[in-house]
Amino acid sequence: MICGVLKIMLLGNFDAHKLLDKVGHCVNTHIFVTKLLEWADKATFRDFTYRHETDAFRKLCLSVLLQRARPPQVDEAYKRLFTFLPTIKDVTNAPKGQIAELIRPSGMHQIKAERIRKLAEIILNQYNGRVPQNKEELLELPGIGEYAADVVLAWAFNQDVTMIDTNVYRILKRVGLIKEEGEARTILERLIPEGYRRRFNLIFIEFGGLICKPIKPRCPNCTLRDICHYAKSH
DNA sequence: ATCCTGTGCT
DNA sequence: AGCACAGGAT
């Protein structure tokens, strides 16, 4: 059953009993959430410097850098970009080529450079340097889609928002909780109690990066192996 | 549906 | 060599 009070050290502590009381009645999802929490309790989360960033504009740029990129490479690009171009004005005035060169490690640097430069321009000129705090306006921004908008709302504006990335898709699909990607949001919002969306997103990302990896997942070491369709068929 | 795009892993 | 990556736009 539930092994005492689970604590997520990195993100602060919370009482898993309360948490699990709010989760739905389905046995599989119950086990799923419990096992993930137990794993997060023991695991050592990776520490990327960009995770400590709270500035809304930089988070906005980060969500662009993260597109189809690996976290370590994004961290490198992130440091380079804001070391050389610390302010929004700096980014706005920088030639696209310079931005591209700075963020090269994150991949797709030409596209991302264009997106970041336009972002800076719009935030500076149309929003007077303030990143909008609602999803509608965020989605209007170039290079900002569902995921990027949710990331900004969650981590820059402290909103309890469900974020869905490839890690979430992959984990939910393999375990067998969803068949198609469109089902992810519904399932997640039923699965994860309000107030814990951000924490769980980090857990999904870490679990997806360390255990349920896209290639060569570590199924033998995985706490979900007993309930996971993928683990049973491989 | 397909493109964008560099790098790390297998 | 080939696939995959904290996606988004056309």
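As a basis for the values below, the full set of heavy atoms in this structure was taken, side chains included, without hydrogen atoms, waters or symmetry mates. Chain A is the first sequence line, chain B the second, and so forth, proteins listed ahead of strands; every chain is numbered from 1.
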Sugar-phosphate only, base, or nothing, as touched by A:Leu139 at under 4.0 Å among non-hydrogen atoms: nothing
Whole-Å distance separating the CG atom of A:Leu119 from the C1' atom of C:dG8: 12 Å
Whole angstrom value for the distance that separates P of C:dA6 from CZ of A:Phe207: 14 Å
Residue met sooner reading DNA chain B from 5', once A:Lys213 and A:Ala69 are mapped to nucleotides: A:Ala69
Any A:Ser106 side-chain nitrogen or oxygen under 4.0 Å from OP1 or OP2 of B:dG6: no
Nearest-Å distance once atom P is located in both C:dA1 and B:dT5: 23 Å
Donor-acceptor pair present, A:Arg70 side chain and C:dA4 base, under 3.5 Å: yes
Separation of atom CE in A:Met108 from atom P in B:dT7, rounded to whole Å: 13 Å
Between C:dA9 and B:dT7 - C1' atom distance, rounded Å: 23 Å
Full working for side-chain hydrogen bond (donor to acceptor under 3.5 Å, both in side chains) between A:Tyr78 and A:Glu53: CA-CA 10 Å; A:Tyr78 160 76; A:Glu53 183 60 69; 2.6 Å; yes
Polar side-chain atom of A:Asp41 near backbone of A:Leu37 as donor-acceptor pair, under 3.5 Å: no
Rounded distance in Å - CD (A:Glu181) to C1' (C:dG8): 14 Å
Exam field: side chain A:Glu183 to backbone A:Lys179, donor-acceptor pair closer than 3.5 Å: yes
Single hit among A:Arg199, A:Arg198, A:Arg197 for salt bridge (charged side-chain N to carboxylate O under 4.0 Å, His left out) with A:Asp160: A:Arg197
Atom P, compared across B:dT10 and C:dA6: separation rounded to whole Å: 14 Å
Closest-nucleotide ordering on DNA chain C, the 5'-leading residue of A:Tyr50 and A:Arg115: A:Tyr50
Upstream residue (5' side of DNA chain C) when A:Gln73 and A:Glu140 are each assigned their closest nucleotide: A:Gln73
Evaluation steps, side-chain contact (heavy atoms from CB on, under 4.5 Å), between A:Asp150 and A:Leu138: CA-CA 9 Å; A:Asp150 286 335; A:Leu138 285 171; over 6 Å; no
Backbone N/O of A:Arg46 and side chain of A:Arg51: donor-acceptor pair under 3.5 Å: yes
Value in whole Å for how far the P atom of C:dA4 lies from CD1 of A:Ile205: 20 Å
Nucleotide forming a Watson-Crick or wobble pair with C:dA4, both distances under 3.5 Å: B:dT7
C:dA4, syn or anti by chi within 90 degrees of zero: anti
Inter-nucleotide C1' distance (B:dC4, C:dA4), Å rounded: 15 Å
Nearest-nucleotide pick for A:Asn167, side chain only, options being C:dG8, C:dA6, C:dC5: C:dA6
Touch class at under 4.0 angstrom, heavy-atom based, for A:Phe48 against every strand present: nothing
Side-chain (A:Lys232) to main-chain (A:Asp226) donor-acceptor, under 3.5 angstrom: yes
Interatomic distance where CD1 belongs to A:Ile111 and P belongs to B:dT2 [whole Å]: 17 Å
No-H, no-angle donor-acceptor pair, A:Arg170 side chain to C:dA6 base, under 3.5 Å: no
Between C:dG8 (C1') and A:Lys112 (NZ): distance, integer Å: 11 Å
Sugar-phosphate, base or nothing in reach of A:Leu62, heavy atoms under 4.0 Å: nothing
Spacing of the C1' atoms in C:dG8 and B:dG8 (rounded, Å): 23 Å
A:Glu76 CD to C:dC5 C1', straight-line distance once rounded to whole Å: 17 Å
Which nucleotide in C:dG8, C:dG7, C:dA4 has an atom nearest any side-chain atom of A:Ala148: C:dG8
Donor-acceptor pair (no angle test) under 3.5 Å: A:Tyr169 side chain, C:dA6 base: no
